[in-house]
Chemist: 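Have a look at this one.
Since the model is a prediction, treat every value here as computed from it, not as a measurement. Computed from heavy atoms alone, side chains included, the values below leave out hydrogens, waters and symmetry copies.
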Amino acid sequence: QIDEAEVMAFSVPSYACLRRTTLDNHNPILTDALSLLAENAELSDEDGRGVAFRRAAAVLKALPETVTAVTQLRGLPCLGGHSLRVIRDILENGASSEVEFTKQSERFKALKVLTGIFGVGAKTAERWIRDGIHSLHQLQESGQTLNRAQRAGLEHYDDLKQPVTKAEADAIGEIVEKAVVSVLPGAQITLIGGFRRGKLTGHDVDFLITHPEEGREVGLMPKVVSWLESQGFLLYQKTTRNSYLEAKDGPARPASNIDRFERCFSIFKLADEEKRGAEETENPPEDRCRLAAHSQATDEGPQPTEAAGGPRRWRAVRVDLVVSPISQFAFALLGWTGSKLFERELRRWAGHEKAMSLSSHALYDNKQGRYLRATSEEEIFTHLGLEYIPPSERNA
Ligand code: 8DG
Ligand code: MN
Ligand code: MN
């Protein structure tokens, strides 16, 4: 007799924004494999294939149990022939030959290392690889001209590779809060990105800044950045101005995910915990973590130089700051909380199923020919005819 659970097929809606995806993934081996193929496709300028693999991985992330047989996947959306082949390979042979081949390939390894440098995208990495550059060492020897972001990225490579913890995110939050309130009392900051979704680590920390009085936020970013700089908190920053004008380019470029808020890409200098913890001890414990981390460092990375005074007591952390007017706050909050796939699916749902255009600034109803206002994420979900999904269940 066949165990009923074994033939039971799962049922999952095809839009990720119709599903609840927590961080409790029951199929990490399968989703890691598909995510790796997605990443390889994205790094190879094959965005269509990348999205297909991301969607397939996201469907598996939403399953309530570990998949043990391909028959359980019957009827599930977003699983194309290619993804199913990869899944079958893993379930039946313990590994996917395509994934293993990709992981080992010199090209993929080089793309990973080079795009792992802050400020380096797939295009630049591709060009360097064509010039025979596959490692950080080769890059440094090559005499390639690097822009300011890339120089900072290379200089802080080891630090930026280390995942940011929630404790570090909170410490940065306190600094940003202090900066924001010093230059504009009453301004508010909100943790966005992966940490808002409940992730315990991230590749950066993302904050959204606003002020309850419309217009008071104008010009805020340069002031915040100056404050942070004067206090020695910034190792790098690049600020871009707000260029969004509703009347002018509102519905014109509706579904664009390139938004036009005042933004700042930065690298923070964050003091080590014992230093942040301040007065509690005069003789902070030895810098074990940092020494341990360095002993594992590869020989290709630039070694952080330690001043004559001993080991350094800080690390570099990537931080993204976004300023939004209060009238757009709910859209910005929804648009910057992620995950990236969840956002993409929300916009696809809006466009294809509701004839609406969703961005991080606004929601436009194409049939009514007008913007739909919202002061909370819940209202936006309602406009879109969707059940509200809280941030912790947007981990598609
Ligand atoms: P991680 O840092 O922990 O790795 O994950 P994350 O926090 O989810 O990723 P992220 O790369 O920091 O991105 C956070 C969110 O911000 C995500 O939903 C995508 C979104 N986002 C960008 N760039 C832009 C942009 O230019 N416009 C808009 N609207 N959203 C963006 O990363
Ligand atoms: Mn992030
Ligand atoms: Mn970010």
Side-chain angles (χ1 to χ4, degrees), residues 15-25 35 51 54-55 57-58 61-62 163-166 168-170 172-173 176-177 180 187-211 217 242 244 254-266 317-351 356-363 372-396:
Y15 283 94
C17 53
L18 296 172
R19 311 191 290 253
R20 295 175 183 272
T21 313
T22 65
L23 290 167
D24 189 16
N25 179 358
S35 300
V51 173
R54 296 269 175 222
R55 286 213 184 105
K61 283 183 196 170
V164 184
T165 64
K166 182 65 165 64
E168 289 169 328
D170 290 338
I172 302 243
V176 174
E177 166 111 55
V180 165
Q188 297 164 356
I189 75 159
T190 308
L191 186 63
I192 48 175
F195 286 112
R196 182 161 182 254
R197 302 197 306 275
K199 281 180 66 182
L200 297 176
T201 61
H203 96 284
D204 68 359
V205 196
D206 310 281
F207 295 99
L208 178 59
I209 304 167
T210 191
H211 190 284
E217 81 293 343
N242 181 354
Y244 180 82
S256 169
N257 61 342
I258 297 164
D259 71 42
R260 282 149 282 178
F261 289 119
E262 270 197 306
R263 295 187 62 161
C264 179
F265 303 94
S266 73
V317 179
R318 273 273 298 114
V319 176
D320 284 339
L321 305 175
V322 187
V323 172
S324 136
I326 191 76
S327 61
Q328 298 173 16
F329 180 77
F331 297 98
L333 187 60
L334 180 58
W336 287 83
T337 294
S339 68
K340 283 191 182 99
L341 185 75
F342 190 89
E343 303 294 340
R344 172 183 269 277
E345 294 282 278
L346 268 179
R347 292 193 300 269
R348 188 164 71 96
W349 168 269
M356 292 180 186
S357 309
L358 175 69
S359 76
S360 301
H361 297 276
L363 178 62
L372 304 178
R373 304 285 157 187
T375 56
S376 67
E377 289 182 316
E378 284 86 344
E379 269 182 81
I380 303 173
F381 279 88
T382 302
H383 283 320
L384 291 169
L386 292 170
E387 205 175 299
Y388 178 68
I389 310 278
S392 63
E393 296 177 332
R394 296 180 203 161
N395 286 291

Chemist: Can you tell me which residue pairs pass the salt bridge (Lys or Arg N to Asp or Glu O under 4.0 Å) test with a partner in residues 188-199, sequence neighbours excluded?
Modeler: R196-E377

Chemist: Sequence neighbours excluded, which residues qualify as ring-ring contact (aromatic ring centres under 6.0 Å, His included) partners of F265?
Modeler: none

Chemist: A332: what forms a side chain to side chain contact (heavy atoms under 4.5 Å, CB included) with it, not counting sequence neighbours?
Modeler: L208, F261, S324, W336

Chemist: Strictly by ring pair (Phe, Tyr, Trp, His ring centres under 6.0 Å), give each pair with a member in residues 191-210 just once, sequence neighbours left out.
Modeler: none

Chemist: Quick one: list whatever passes side chain to side chain contact (heavy atoms under 4.5 Å, CB included) with T165, sequence neighbours left out.
Modeler: A167, E168

Chemist: For T375, what residues pass the side-chain hydrogen bond (donor to acceptor under 3.5 Å, both in side chains) criterion, not counting sequence neighbours?
Modeler: E379

Chemist: Less than 4.0 Å between a side-chain N and a carboxylate O, is that true for K340 and E343?
Modeler: no

Chemist: Please identify each residue that fulfils side-chain hydrogen bond (donor to acceptor under 3.5 Å, both in side chains) with N25, with sequence neighbours left out.
Modeler: T31

Chemist: Give every residue pair that meets the salt bridge (Lys or Arg N to Asp or Glu O under 4.0 Å) criterion with at least one member in residues 320-331, sequence neighbours excluded.
Modeler: R318-D320

Chemist: Report the residues that fulfil side chain to side chain contact (heavy atoms under 4.5 Å, CB included) with I326, sequence neighbours left out, ordered by chain and then residue number.
Modeler: T210, E214, F329

Chemist: Could you pull out all residues at least two apart from A62 that satisfy side chain to side chain contact (heavy atoms under 4.5 Å, CB included)?
Modeler: R19, T21

Chemist: With sequence neighbours left out, what residues match R20 under salt bridge (Lys or Arg N to Asp or Glu O under 4.0 Å)?
Modeler: E387, E393

Chemist: Could I get the full list of ring-ring contact (aromatic ring centres under 6.0 Å, His included) partners for F331, not counting sequence neighbours?
Modeler: none

